[in-house]
Amino acid sequence: MDARLNPFGNPVAGKALRHINSAGKAVSDSALPAATQELVKIRASQINGCGFCTDMHTKDAAHAGETPQRLHLVAAWREATVFTDAERAALELTEQGTRIADAAGGVTDEAWANAAKHYAEDQLAALVSLIALINAYNRVNVLVRQPAGDYQPGQFG
């Protein structure tokens with residue numbers, strides 16, 4: 001399977017993605033825990049059906065030391081006992097922020113308050129930014145049908 005468009009090979013798409021990557025650097029350099037960042041990217045990518053990002057972020061998380069058990073349970077995090085309360089709050093915010101079109105009221109006050117109990121304001125800002133950014137990446141990859149499966153950890157870093 002070939003992608004419909006090579007986003008980094010096209011000057012317009014490449015320029016746009018470089019700006020998104022710069023925004024991503026601000027998040028990755030933030031105080032939001034790296035493990036939480038990967039869990040958020042994986043969950044949003046699962047929801048959006050982005051095979052490329054799901055492949056990338058599960059492999060990056062495993063390479064960084066994330067356990068197979070936790071990676072296998074991201075999609076069923078509500079029933080899993082392997083996530084901290086803070087991670088669960090981040091995953092809930094991720095789901096609600098990713099499924100905005102499905103929820104009449106958007107992100108609930110409860111989900112926001114729960115995340116705010118676990119994360120400082122700068123971490124919340126990073127979390128919100130990360131949810132927005134991974135959703136943008138997912139949409140690009142789904143639109144162009146970016147193939148999944150060949151990613152190697154650190155390939156783009």
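If you take OG1 on Thr54 and CZ on Arg43, they are separated by 9.5 Å, rounding to the nearest 0.5 Å. With values rounded to the nearest 0.5 angstrom, Gln69 atom CD is found 10.0 Å from Leu71 atom CG. Separating the NE2 atom in His72 from the OG1 atom in Thr58 is a distance of 9.5 Å, to the nearest 0.5 Å. The distance from the OG1 atom of Thr36 to the CZ atom of Phe83 is 10.5 Å, given to the nearest 0.5 Å. Atoms CG and CD, from Leu127 and Glu121 in turn, are 13.0 Å apart once rounded to the nearest 0.5 Å. If you take CD on Glu79 and CG on Leu73, they are separated by 9.5 Å, rounding to the nearest 0.5 Å.
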Inset, instruction - Before giving the answer on side chain to side chain contact (heavy atoms under 4.5 Å, CB included), spell out for Cys53 and Lys41 the whole-Å C-alpha distance, their side-chain angles and the decisive distance to 0.1 Å. - result: CA-CA 8 Å; Cys53 288; Lys41 290 184 268 189; over 6 Å; no

Inset, instruction - Before giving the answer on side chain to side chain contact (heavy atoms under 4.5 Å, CB included), spell out for Glu92 and Arg78 the whole-Å C-alpha distance, their side-chain angles and the decisive distance to 0.1 Å. - result: CA-CA 9 Å; Glu92 179 64 32; Arg78 281 182 179 82; 2.6 Å; yes

Inset, instruction - Please assess Arg4 against Gln146 for the test side chain to side chain contact (heavy atoms under 4.5 Å, CB included), listing each intermediate value before the final yes or no. - result: CA-CA 8 Å; Arg4 293 172 170 160; Gln146 190 67 39; over 6 Å; no

Inset, instruction - Take His118 and Asn114 through the test side chain to side chain contact (heavy atoms under 4.5 Å, CB included) and record every step on the way to the result. - result: CA-CA 7 Å; His118 298 284; Asn114 192 28; 3.6 Å; yes

Inset, instruction - Please report the C-alpha distance between Thr108 and Gln96 in whole Å, then the side-chain angles of each, then the deciding distance to 0.1 Å, and finally whether the side chain to side chain donor-acceptor pair (under 3.5 Å) criterion is met. - result: CA-CA 8 Å; Thr108 65; Gln96 289 190 22; 3.2 Å; yes

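Considering all non-hydrogen atoms of both residues, Leu133 and Val27 come closest at CD1-CG2, 3.9 Å. Residue Arg139 comes nearest to Thr98 through the heavy atom pair NH2-O, 4.1 Å, listed as atom of the first residue, atom of the second, then distance. In terms of heavy atoms, Ala61 sits closest to Glu38 at CB-CB, 3.9 Å. Residues Ser30 and Ala126 come closest through the heavy atom pair OG-CB, 3.3 Å. Contact between Asp60 and Gly154 at its shortest, heavy atoms only, is OD1-N, 3.5 Å. Between His57 and Ser45, the shortest heavy-atom contact is CD2-OG, 4.5 Å.
Residues Trp77 and Thr94 are not in side-chain contact: their nearest non-hydrogen atoms beyond the backbone lie 4.5 Å or more apart. Residues Pro33 and Gln37 fail the side-chain proximity criterion, which asks for heavy atoms closer than 4.5 Å. Proximity of Tyr137 to Val142: side-chain heavy atoms (C-beta onward) are nowhere separated by under 4.5 Å. Using a 4.5 Å cut-off on side-chain heavy atoms (C-beta onward), Glu87 and Thr84 make contact. Residues Lys59 and Asp55 are in side-chain contact: their nearest non-hydrogen atoms beyond the backbone lie under 4.5 Å apart.
Counting non-hydrogen atoms of neighbouring residues, nucleotides and ligands closer than 6.0 angstrom, the CG atom of Asp29 exceeds 12 such neighbours.
Linking ILVMFWY side-chain heavy atoms closer than 4.5 Å, directly or via other members, places Phe52 and Ile131 in two distinct hydrophobic clusters. Cluster membership check: Leu143 does not share its hydrophobic cluster with Leu5, using side-chain heavy-atom separations under 4.5 Å among Ile, Leu, Val, Met, Phe, Trp and Tyr. Tracing side-chain contacts under 4.5 Å through hydrophobic residues (I, L, V, M, F, W, Y), one reaches Leu17 starting from Ile134; they form part of the same cluster. Hydrophobic cluster membership is shared by Leu124 and Val40, with clusters built from Ile, Leu, Val, Met, Phe, Trp and Tyr side chains linked at under 4.5 angstrom. There is a path of hydrophobic side-chain contacts, each under 4.5 Å, that joins Leu39 to Val82.
Between the Asn6 side chain and the Phe8 main chain, a donor and an acceptor come within less than 3.5 Å of each other.
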